[in-house]
Amino acid sequence: MKKLILLLLCMLTFTRFSMAQQARVKGSVVDTLNHAALSNSVVALLQAKDSMLVKFVRSNEQGHFELNKIPAGKYVLLISYPAFADYVEPLTLSDTSAVNVGKVMLTQKSRLLNEVVIQQKVAAIKIKGDTTEFNAASFKTAANASVEDLLKKLPGIQVNSKGQITAQGETVKKVLVDGEEFFGDDPTLVTKNLRADMVDKVQLYDKKSDQAAFTGVDDGEKSRTLNIQLKEDKKRGYFGKVALGAGDQGYHSNEAMLNVFRGKKKISAFGIVANTGKIGLSWRDREKFGGGNGELSVNDDGDFEFNGGGGDELDSWSGRYDNNGYPLVQTGGLHYGDKWNRDRQNLNANYKIMKLFVDGSSNTISQNILKDTTYYNNSSEQFKNSILRNRMDGSYEHQVDSSSSIKVMVDGGIDHKISSMFNTSEVAIGANNNMNIVNNTNRKTSSVSDIGGINSSLLWRKKFSKPRRTLSVLVAENYNRTNGEGTLDAVTNFYKQGQVDSLQKIDQRKVTNNETVNVNGNITYTEPISKSSVLSFTYALNVSNNHSNRLSYNQGSDGKYMALDSLYSNDYSFNMLTNSGGLNYAYSNKKMRVSIGSNVGFSSYRQSDLFSGRSLNRNFANWYPKAVFRYNFTQQRRFSFNYNGYTQQPGINDLQPVRVNNDPMNIVIGNPDLKPAFNNNFNLNFSDYKVMTQRNIWVSAYYSITSNAISSRSVLSPDGKQTTQSVNVNGNSNGRIHGNIGWKIAPWDMRLGPSLNAGMNRNVNYVNGVYNVTKSANGGFGLYASKGKDKKYDIYLDASANYNTSVSSIQTNLRTSYWTFSASPNVDVYLPLKIMLHAEMNGEIRQKTTLFDKNNNMAIINGSVTKKFGKKELIEAVFSVNDILNQNIGFDRSVNTNTITQTTRSTIGRYGMLSFIWNFNKLGAAAPKE
């Protein structure tokens, strides 16, 4: 018993001693003017090394506060109170410290500003919930620099030579100005034409759908977005630029842009006439009108991409310039945006017109791996394309009262495309020097097509008196129509033992009429069930009608194309009716946010072959589960997990039972028995930022697996002709992880940003009746570095190394593996007399393989000398040289299931140009009173 009592006394003594080893800080907060106590003042203790919050309290009614149980270390004491200037004091505490800071006197900001000018150092980066905010003033840029120049200086954000932006490892899809679309969300028109000195803050976040932002319930729809927030004094006046440039070999680049800002009213216009590849076409338009069905593949840079396939129409050109060929563009646009009635009404409208000509050529070699042999295809193509494109879009939002609003959105366009192409190809079988020719083809196609569409939506939102009880109704329609006519002229020679054995000739006229109508409605109701949680109920109705009419006519004896070829013609409709309902639960507090739910849909299909009179009715149950978990460890450190599953219905191009012979050696047939695919997508994201050291960490991971995936079944005959059909398979999956860390090396005033990435892709298909699994993987590392000195120099370096490997189960001894290395240094040097030297390089080294045995390394170097004139440096004369070494060969590699491809394209090479640029602005007038 005595031993037990002695043990308890020892433990008590140790506990009291341990408690004594904790420091404490106390004091009181009062007003400097009248010494009145400031109750409820926030008293925070931050770690000195990274400004991380250790603990905080609020002062009591007498203004007293006390912080206890503080480990030894170096801290910053921060005291704040509304309308008063913050108090900051460094503290060094030992295990036995008992610090009494006494009366801390706070001064009102208004009084303080009248007596002295305060210089405040604002944090370069702030993390507010799901938004990362960059303070533009913390990142110096040259006079008249663009927003793109500013973005290049922001940690975790990179801008490539095409102007495309990557933020924290993900592609930015939207760039807004003060939260609104600018020129229909055309990112390049924002980043290249707005000036950096107009920007107050740059905000990075995942933009939710309008309905999700209103209800607070995540519906899984989001897009990585940058919002350019302008300074208040830069929102009134006008600014713009005119640039005229002429070079050798007929190259020219001329552009003008005018912006008139009147507070919340923005009016802008632009025009471009150039043949240097400067298009000014938005990424959204490229995605919307340049799509197609295809399969995932891994490209030469180690990125997975979606390859178009099928050859469904003669005018397969997407209508955009993708660095293939020589472009000539004539384009312009108008933008109008305004808010009025105390921001209760908002109008945003855009119009763009573009005439684009693209001529060029390409050469492609591919290796098609079969179980017992390998086919090689070598093809060359010359093309001549043009398009006249008109686009309009607009949105109007009216906040009817404090509880309800209406938003109307409309966009549409008309394209007139003219396309012609001449292709020669040769297929051989064998290996190395023992190659036997199988066939060769000469093919000519031409087409004229008109493509039009209009999309509109109406969103009504209502808030009830009970907080977080809401009702929203969305009605939307989508209409697209394609009318086209063209010709196909193809001659194929088939060989046996090196001699022509047979001949196939096709001479046809093609007529295409496709139409798609979608109408859908969605009702969402949210009901709070506690202070932290809410339930949402959703009902949706979707009607989709698709009609495809493709007719092929053979030439008759009279020379007219009147004989219908029923084998390559069809008249097919695919109609769908879907009813769906869902339930979602969401919980949130200061640190955590959880959302889980699912929609269930019941779909009825009717497929009709109007030629044969056959029809097929089918019914499916569709499931759309989703889950979101987000946790904020601190204001600067957060973690998120997202899951969403969805049913993917086969498209009409997959279903319709018609042969397409636009490429006689690659025949595509439909499969009316396709089942829907189900996709499971998982996303993990982690970010951490330390204010004092400006150290940032971003990690993201993605994984997707699909059941009943829509893949392909291809049969390659001995004469080299391939027939492909869409089929359902299981086992398709892909994943990717990206990590980036960046910090500022204070002694060198330099930023470093190393990164790591890895990816995998598993793709299943059938080749000549054999089940084939292609496994591709890639991994690499990169380094981003930047260093600058105001009015002296700016240096950027973006370098990476990627390893790619791929193997198909159909022939495991043929593995494709290679390294690619790239480096993109960028240097600006500012000399006396307002002269600036600029040099940049895009260098790539590609390891040779069995198929890729040619030396396709390149170093594209561009340089310029700029002389600025005037006190404000608004006038510039620029002499530039593009691709000084003349090495731009338009090269890429890809691995797609059991096919390996390498393509070289004609593209813009070396030229010199002299340009004159006039920047003009009159900004800064006081904003009008509301």
Side-chain angles (χ1 to χ4, degrees), residues 15-129 131 133 135 138 201 467 531-532 588-592 632-638 689-693:
T15 302
R16 295 184 62 182
F17 177 78
S18 299
M19 293 179 62
Q21 302 306 304
Q22 301 288 317
R24 64 180 185 272
V25 178
K26 65 179 182 179
S28 59
V29 187
V30 299
D31 186 346
T32 302
L33 187 62
N34 53 23
H35 293 260
L38 297 176
S39 61
N40 285 318
S41 298
V42 176
V43 183
L45 196 65
L46 312 176
Q47 290 185 8
K49 63 179 180 179
D50 55 12
S51 297
M52 298 293 291
L53 179 65
V54 177
K55 58 175 55 183
F56 79 96
V57 296
R58 289 187 178 272
S59 59
N60 61 20
E61 293 182 358
Q62 291 75 38
H64 297 306
F65 67 87
E66 185 169 351
L67 296 163
N68 294 312
K69 298 181 181 180
I70 306 170
K74 294 183 178 181
Y75 299 93
V76 174
L77 179 67
L78 172 65
I79 302 176
S80 62
Y81 191 85
F84 283 74
D86 293 344
Y87 172 86
V88 179
E89 180 182 350
L91 296 175
T92 300
L93 305 178
S94 64
D95 291 337
T96 58
S97 295
V99 178
N100 187 347
V101 296
K103 289 186 178 180
V104 177
M105 297 185 179
L106 300 186
T107 303
Q108 291 185 8
K109 291 180 180 179
S110 57
R111 182 168 175 263
L112 190 63
L113 290 173
N114 288 332
E115 297 177 354
V116 66
V117 176
I118 300 297
Q119 289 186 340
Q120 182 184 17
K121 185 177 181 180
V122 182
I125 304 176
K126 291 181 181 179
I127 298 179
K128 300 178 178 180
T131 301
E133 184 177 271
N135 177 37
S138 300
K201 295 178 177 63
K531 292 183 178 180
S532 303
S588 61
N589 57 30
K590 291 183 178 180
K591 285 187 173 292
M592 186 171 63
N632 296 327
F633 299 92
T634 65
Q635 189 177 11
Q636 289 82 25
R637 182 185 298 160
R638 54 184 173 167
Y689 177 70
K690 293 187 176 180
V691 177
M692 299 296 288
T693 60

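Keep in mind that the numbers below use all heavy atoms, side chains included, and drop hydrogens, waters and symmetry copies.
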Looking at [atom1] of [X] and [atom2] of [Y], how far apart are the two atoms once the value is rounded to the nearest 0.5 Å?
| X | Y | atom1 | atom2 | answer |
| --- | --- | --- | --- | --- |
| S28 | M105 | OG | CE | 8.5 Å |
| M592 | N632 | CE | CG | 11.0 Å |
| D86 | T107 | CG | OG1 | 11.5 Å |

Applying side-chain hydrogen bond (donor to acceptor under 3.5 Å, both in side chains), can you list everything that pairs with D31, at least two apart in sequence or on another chain? none

If the condition is side-chain hydrogen bond (donor to acceptor under 3.5 Å, both in side chains), which residues does Y81 pass it with, not counting sequence neighbours? none

For [X] versus [Y], what's the shortest heavy-atom pair and its separation?
| X | Y | value |
| --- | --- | --- |
| S94 | A23 | O-CB, 3.3 Å |
| N100 | G27 | OD1-CA, 3.9 Å |
| K591 | F633 | NZ-O, 2.7 Å |

Do L91 and V76 pass the side-chain contact (heavy atoms from CB on, under 4.5 Å) test, and can you show the C-alpha distance, the side-chain angles, and the key distance before you say yes or no? CA-CA 6 Å; L91 296 175; V76 174; over 6 Å; no

Could you go through residues 53-60 and list every donor-acceptor pair under 3.5 Å that involves a side-chain atom there, pairing it with any protein atom two or more places apart or in another chain?
| unit_1 | atom_1 | unit_2 | atom_2 | d |
| --- | --- | --- | --- | --- |
| K55 | NZ | N68 | O | 2.6 |
| R58 | NH1 | N40 | O | 2.9 |
| S59 | OG | L38 | O | 2.8 |
| S59 | OG | N40 | N | 3.1 |
| S59 | OG | S41 | N | 2.9 |
| N60 | OD1 | Q62 | N | 3.0 |
| N60 | OD1 | G63 | N | 3.0 |
| N60 | OD1 | H64 | N | 2.8 |

I79 and F65: CA distance, side-chain angles, deciding distance, side-chain contact (heavy atoms from CB on, under 4.5 Å) verdict: CA-CA 11 Å; I79 302 176; F65 67 87; 4.2 Å; yes

Using a 4.5 Å cut-off on heavy atoms from C-beta on, say whether the side chain of L77 contacts that of L67. yes

side-chain contact (heavy atoms from CB on, under 4.5 Å) assessment of Y75 paired with I70: CA-CA 10 Å; Y75 299 93; I70 306 170; 3.8 Å; yes

Expected output: side-chain K26 to main-chain V101 donor-acceptor under 3.5 Å: no

